[in-house]
Number of protein chains: 2
Amino acid sequence: MENLPQHFDSVFTVDCIIFGFDEGELKILLIERNEEPFNGWFALPGYFVEKTESIESAAERILYECTGLKGIYMEQFYTFGALERHPQGRVITVAYYAMIRLTNQKDLKPVTTFARQAVWMPVKDMPELAFDHSRIFRKGFEKIRNKISYQPIAFELLPEKFTLTQLQHLYEVILNKKLDKRNFRKKMLAYDILKELDEKQKGVSYRAAKLYKFDKRKYAKHFNKELTFTKE
Amino acid sequence: MENLPQHFDSVFTVDCIIFGFDEGELKILLIERNEEPFNGWFALPGYFVEKTESIESAAERILYECTGLKGIYMEQFYTFGALERHPQGRVITVAYYAMIRLTNQKDLKPVTTFARQAVWMPVKDMPELAFDHSRIFRKGFEKIRNKISYQPIAFELLPEKFTLTQLQHLYEVILNKKLDKRNFRKKMLAYDILKELDEKQKGVSYRAAKLYKFDKRKYAKHFNKELTFTKE
DNA sequence: ACAAAAGTGTTCCCGCTACACCCATGG
DNA sequence: CCATGGGTGTAGCGGGAACACTTTTGT
C-alpha cells in the first residue's frame, strides 16, 4: 500500500448518542436529516470530522450545533466501519455518548443546515434510523446500562437538585426493572457521593421530599477519577 | 463541508495489541518498523485498512501477517485520532487486542515488508514505541486487566492443558498482585468452566499437578455468549 | 531425607436481598 | 380525612478474604 501524503486525508464522522431524562422518560436526541442520503430520516446527531480538529472536539462541536450545549463530557465507545454502512462510500464513524441535563430548553433548534430539526425521542418509541444508527444506538444503550450498574453516572441526567425517588426512577428506566426503595436508598447513600440539602421539594400535593445534590468532591475521592462530568 | 464522492475514501489504520504468555511472563507482540516514519522503532503491529475490507478483517489480516495465526478473536477497544499522532498527516487508528496461545512457534517471522522483525516483548520491559503506541498499549492493557477481573478470559493465553497454578500465575501477572491459592482455586472451580483431565504434569521434579482444560460448552452456558474465543 | 510445589476447609465479615408500616403534606 | 408518595430497619444468605498444614514426587 502506498503512503503518499495526499492519501493522509481521512474522511470520517462522529455520531453521538445524547441521553436526556424528561417527564420520567429516557430520551435521546435525534435529528431529522436534511440532505441525501436518508434525507428526511431520523438519525443520530453526527457529521464529518474536520481535518483540523480532534475527534473529541468534533464530537463537542456537533453536540453544540444540535443543542447549544458546551462542555459536556462525552465518552467514546465504539467505531463502526462496515463496508456498506454508508451508501456513498467507505465512511467509518466514531461513536460517542453523553448524558445531559435537559432543564428548560426542551425545544432545541439545530444550528446546522444538515439537520431540519432536532427532537428528543423517547427511547421506547425509537424509529428505525438512517445508516446503521439503530445498531449504534443499541450498542451505546447497552454500554450505559452496563456502566450505570457499577458506576454512579446517572446524576448527569438529573437537574442539579433532585430527590432520591427521582434518582431511583431514572435507574429503573435505564435498567428496565423495578428496584426496592429501601435498598436503593441505602446503597446510594452508602456510596457517600450525595449531599443532602436543607431544602425540600415544592409544589407537590403530598409530603415533600428532601433534595440532594451530587457531590463531585466525594465522588472524586471514592472513585479517584478526574471530575470528568463537566470538563472545565 | 463538501461531500463529493471522491472524498469518501477514508484512510485509517488498525493497531493490534497481541498478548501472549510465555515463561511465566506476559508479553506482547511488537514489530520493528522498516519504513519511515519511526524507521527502526518498535511499534504495535498495525497498518492501513484496505478500502475493500472491514476493520475486523483488516485486524485479522495484520495479525496474520505478523504471526501466521488465523481465526483469533480480537476485540476493538478504542479509536485514537489526535491531530498530531501521525507526523505525516491525519491518520486515525482503530485499536484491537487479542490474547493468543503461543506454544512452539516462539520465533515469528513477519510476512510483510513494513516490519523488519517481530518480537515478543515482556510487558515489564516495554520500550518507548513509535507514534502514540505507548499510549495505546497502556489503554489496552488497562482494558484487559479490567476485563479479566469479571470475565474468565485468560485461558486464551495458556496452552490447551494447564494446571491451576499456571492459571493463577497468569492472573497474578496481569493483575500485578499476589492471589491466595485456596481462594483462587475455589473461585475458579466454582465458575464451572474447567474440565479436569485424567492427566498430570510431566517432567517436574516435584509433585505433579492435575491438568485442566477450558470447557467452552460450560462457559457458553454460564455466560450465554457466543463462543468467541476462536471464531470458527 | 529433603526440597518443591500440590492440594485442601473453616471462619468471619460485609454487602445484597427481601420485606411492611407509619409519616407528612396538600387538597 | 384521604390520597399520595416520603421515609425508615432488620434478618438471612452468599460470596470474598484471611489463614496453615499435610501430601506427593523427584532427586
Side-chain angles (χ1 to χ4, degrees), chain A residues 21 23-25 145-146 148-152 154 158-159 161-213 218 222-223, chain B residues 21 23-25 145-152 154 158-159 161-213 222-223:
Chain A
F21 186 63
E23 296 163 346
E25 279 191 321
R145 191 185 290 134
N146 231 314
I148 209 174
S149 11
Y150 63 90
Q151 268 193 24
L158 291 175
K161 301 170 180 180
F162 52 85
T163 69
L164 288 178
T165 302
Q166 284 163 1
L167 184 59
Q168 182 179 343
H169 283 337
L170 174 53
Y171 270 81
E172 289 176 341
V173 168
I174 295 179
L175 297 176
N176 193 29
K177 65 177 172 188
K178 275 284 189 198
L179 300 174
D180 179 85
K181 183 160 60 157
R182 277 176 291 193
N183 292 337
F184 179 81
R185 285 161 180 251
K186 210 188 321 168
K187 184 171 173 177
M188 201 47 74
L189 294 174
Y191 275 139
D192 189 33
I193 53 173
L194 296 185
K195 183 193 270 172
E196 186 179 329
L197 301 177
D198 281 334
E199 210 175 330
K200 299 207 164 184
Q201 243 178 341
K202 275 177 189 147
V204 290
S205 68
Y206 46 81
R207 175 175 176 181
K210 270 185 213 149
L211 290 171
Y212 289 81
K213 230 173 132 168
K218 289 179 177 173
H222 293 305
F223 293 84
Chain B
F21 186 64
E23 295 164 346
E25 280 192 320
R145 192 186 287 135
N146 232 314
K147 184 156 189 176
I148 209 173
S149 12
Y150 63 91
Q151 268 195 25
L158 290 175
K161 302 171 180 180
F162 52 86
T163 69
L164 288 178
T165 303
Q166 283 164 2
L167 184 60
Q168 181 179 344
H169 283 338
L170 174 53
Y171 270 82
E172 289 177 341
V173 167
I174 295 179
L175 298 175
N176 194 28
K177 65 177 171 188
K178 274 287 190 195
L179 300 174
D180 179 86
K181 184 160 59 158
R182 278 175 292 191
N183 292 337
F184 179 81
R185 283 160 181 250
K186 211 187 318 169
K187 184 170 175 179
M188 200 47 73
L189 293 173
Y191 275 138
D192 189 33
I193 52 172
L194 296 185
K195 182 193 269 174
E196 186 179 328
L197 302 177
D198 281 334
E199 213 175 326
K200 300 207 162 183
Q201 244 178 340
K202 274 177 191 149
V204 290
S205 68
Y206 47 80
R207 176 173 176 182
K210 271 185 214 148
L211 290 171
Y212 290 81
K213 229 172 132 168
H222 293 304
F223 292 83

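The structure displayed is predicted, hence computed values, not measured ones. Proteins come first, then strands; the chains are lettered A, B, ... in the order of their sequence lines, and each starts at number 1.
In this view, N146(A) satisfies the side-chain contact (heavy atoms from CB on, under 4.5 Å) rule with no residue, not counting sequence neighbours. Remark: K161(B) engages E199(B) in a salt bridge (charged side-chain N to carboxylate O under 4.0 Å, His left out) (not counting sequence neighbours). Scored by the side-chain contact (heavy atoms from CB on, under 4.5 Å) test, T165(A) finds T163(A), H169(A), R185(A) as partners (sequence neighbours excluded). For Y206(B), the ring pair (Phe, Tyr, Trp, His ring centres under 6.0 Å) criterion is met by no residue, not counting sequence neighbours. Here K210(B) pairs with E196(B) under the salt bridge (charged side-chain N to carboxylate O under 4.0 Å, His left out) rule; sequence neighbours left out. Residues passing the side-chain contact (heavy atoms from CB on, under 4.5 Å) test with K187(A) are Y191(A), sequence neighbours excluded. Partners of D192(A) according to the salt bridge (charged side-chain N to carboxylate O under 4.0 Å, His left out) rule, which considers only residues two or more places apart in sequence or in another chain, are K218(A). Every residue meeting the side-chain hydrogen bond (donor to acceptor under 3.5 Å, both in side chains) condition with Q168(B), not counting sequence neighbours, appears here in chain and number order: E172(B).
Protein atom NZ of K187(A) is 18 Å distant from nucleotide atom P of dC14(C), rounded to whole Å. Atom CE in M188(B) sits about 11 Å away from atom P in dG16(D), given to the nearest Å. Following rounding to the nearest Å, L189(B) (CG) and dG16(D) (P) show an atom-to-atom distance of 13 Å. What separates CG of D192(A) from P of dG15(C) is a distance of 13 Å, to the nearest Å. Distance OH (Y206(A)) to C1' (dG26(C)): 11 Å, rounded to an integer number of Å.
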Only pairs under 3.5 Å count here: list side-chain donor-acceptor contacts from residues 175-182 of chain B, not counting sequence neighbours, and write none if there are none.
| from | atom 1 | to | atom 2 | distance (Å) |
| --- | --- | --- | --- | --- |
| D180(B) | OD2 | R182(B) | N | 3.1 |
| D180(B) | OD2 | N183(B) | N | 2.8 |
| D180(B) | OD2 | N183(B) | ND2 | 3.4 |

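The heavy-atom pair separating I148(B) from A154(B) by the smallest distance is CD1-CB, 3.7 Å.
In the region residues 196-205 of chain B, proximity to DNA chain D at under 4.0 angstrom, judged on heavy atoms, holds for V204(B), S205(B). Looking at residues 163-179 of chain B, you'll see that no heavy atom sits under 4.0 Å from any atom of DNA chain D.
A close approach under 4.0 Å does occur between a side-chain nitrogen or oxygen of R185(A) and OP1 or OP2 of dG7(D).
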Taking only N/O atoms, report every protein-nucleotides 19-23 of chain D pair under 3.5 Å with atom names and distance.
| from | atom 1 | to | atom 2 | distance (Å) |
| --- | --- | --- | --- | --- |
| dC19(D) | N3 | R182(B) | NH2 | 3.2 |
| dC19(D) | N4 | D180(B) | OD2 | 3.2 |
| dC19(D) | N4 | R182(B) | NE | 3.4 |
| dA20(D) | N1 | R182(B) | NH1 | 3.4 |
| dT23(D) | O2 | R207(B) | NH1 | 2.8 |

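With contacts defined as side-chain heavy-atom distances shorter than 4.5 Å, the pair L189(A)/Y212(A) qualifies.
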